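Because the structure is a prediction, the values reported are computed rather than measured.
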Amino acid sequence: MNKLRERIFAWALKHQASRKVIIPQWDKVRSVAILYPNDNIQHIIKQLEKENKEVILFTMPDKKQICWLTGRPKLDIRELVSARSFDVLIDLTQESSRVMQYMAIYIQAHFKVGRMIEEGIHDLTIDTPSQAAPDFLFEQIMRYIAMLSGKK
């Protein structure tokens with residue numbers, strides 16, 4: 001069963017929608033998608049909203065919304081996640097989770113950044129320990145985005 005799931009994931013990764021990667025100028029970013037297993041990162045969302053960013057949080061789907069055979073979110077969740085486009089996806093997922101990796105694939109964003117878990121999902125990966133707090137990962141992501149934007 002796991003081999004089948006891995007093959008399906010590899011296919012999904014290879015055939016994800018093509019997109020033009022745009023390195024963000026943080027002051028021009030208007031919409032941010034955050035991917036995190038639960039909703040206990042409200043302080044990060046509020047911080048981004050204070051910067052006039054529209055923030056949408058995507059969390060782990062309910063078990064009933066995940067296909068047991070493939071391990072990926074069912075069609076209605078995939079359609080919901082891919083319904084709109086964002087300037088940036090900030091993936092704060094700390095542990096390896098195929099469901100969350102599928103979510104990262106399906107979220108439409110010009111620039112995707114997250115912890116180094118699986119190659120080919122994010123445009124920028126940050127190498128942090130899996131047990132690091134989401135605040136630490138968020139700080140690192142913001143630091144690298146600032147460097148890419150030409151700000152220190």
Can you give me every donor-acceptor pair (side chain of residues 56-66, partner residue at least two apart or in another chain, under 3.5 Å) with its distance?
{"residue": "Asp62", "atom": "OD1", "partner": "Lys64", "partner atom": "N", "Å": "2.9"}
{"residue": "Gln65", "atom": "OE1", "partner": "Asp62", "partner atom": "N", "Å": "3.0"}

Task: With Arg7 via side chain to side chain donor-acceptor pair (under 3.5 Å) - residues at least two apart - done: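 If we apply the side chain to side chain donor-acceptor pair (under 3.5 Å) test to Arg7, skipping adjacent residues, there are no hits.
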Run the side chain to side chain donor-acceptor pair (under 3.5 Å) test against Arg78 and tell me which residues pass, sequence neighbours left out.
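Expected list: none.
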Considering all heavy atoms, the nearest [X]-[Y] contact:
{"X": "Tyr106", "Y": "Ser82", "result": "O-CB, 3.3 Å"}
{"X": "Val55", "Y": "Glu49", "result": "CG2-CG, 4.1 Å"}
{"X": "His122", "Y": "Asp91", "result": "NE2-OD2, 3.0 Å"}
{"X": "Val88", "Y": "Pro24", "result": "CG2-CB, 3.9 Å"}
{"X": "Asn40", "Y": "His43", "result": "O-CE1, 4.1 Å"}
{"X": "Gln101", "Y": "Ile121", "result": "CB-CD1, 3.7 Å"}

Next on the checklist: Using 0.5 Å steps for rounding, measure from the CD1 atom of Ile45 to the NZ atom of Lys53.
Outcome noted: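 Result: 15.0 Å between the selected atoms.
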To the nearest 0.5 angstrom, please state how far the CZ atom of Phe111 sits from the CD1 atom of Ile90.
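Going from the CZ atom of Phe111 to the CD1 atom of Ile90 covers 10.0 Å.
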- Would Tyr144 and Leu48 show up in the same hydrophobic cluster when neighbours are defined by side-chain heavy atoms closer than 4.5 Å?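 The answer is yes; both residues are in one hydrophobic cluster.
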Check: Is Leu75 reachable from Val81 through a run of I, L, V, M, F, W or Y residues, each pair having side-chain heavy atoms under 4.5 Å apart?
Finding: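 No: no chain of side-chain contacts under 4.5 Å links Val81 to Leu75.
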> Side chain of Arg72, backbone of Phe9: donor and acceptor closer than 3.5 Å?
Replying inline: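 Side chain of Arg72 to backbone of Phe9: no pair is present.
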*Output every pair passing salt bridge (Lys or Arg N to Asp or Glu O under 4.0 Å) with a member in residues 121-132, not counting sequence neighbours, ordered by first then second residue.*
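Found Arg19-Asp123.
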Is there a side-chain contact between Leu124 and Ile23 in this structure, where contact means two heavy atoms from C-beta onward sitting under 4.5 Å apart?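 Leu124 vs Ile23: side chains apart.
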Check your understanding: Would you say the side chain of Val29 lies within less than 4.5 Å of the side chain of Ile145, judging by non-hydrogen atoms?
Key ->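 The answer is no, as the side chains (C-beta and beyond) never meet within the 4.5 Å cut-off.
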Will you find, in the side chains of Tyr36 and Gln94, an N or O donor that is under 3.5 Å from an N or O acceptor?
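Per modelled atom types, Tyr36 and Gln94 side chains form a pair under 3.5 Å.
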- Message: Using the salt bridge (charged side-chain N to carboxylate O under 4.0 Å, His left out) criterion, which residues pair with Glu54? Sequence neighbours excluded.
- Response: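 Checked Glu54 against salt bridge (charged side-chain N to carboxylate O under 4.0 Å, His left out); matches are Arg84.
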**Message:** Going by salt bridge (charged side-chain N to carboxylate O under 4.0 Å, His left out), name the residues that satisfy it together with Asp87, two or more places apart in sequence or in a different chain.
**Reply:**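 So Asp87 forms no salt bridge (charged side-chain N to carboxylate O under 4.0 Å, His left out) with any residue.
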**side-chain contact (heavy atoms from CB on, under 4.5 Å) evaluation trace for Met103 with Ile77** = CA-CA 9 Å; Met103 297 281 285; Ile77 297 297; 3.9 Å; yes
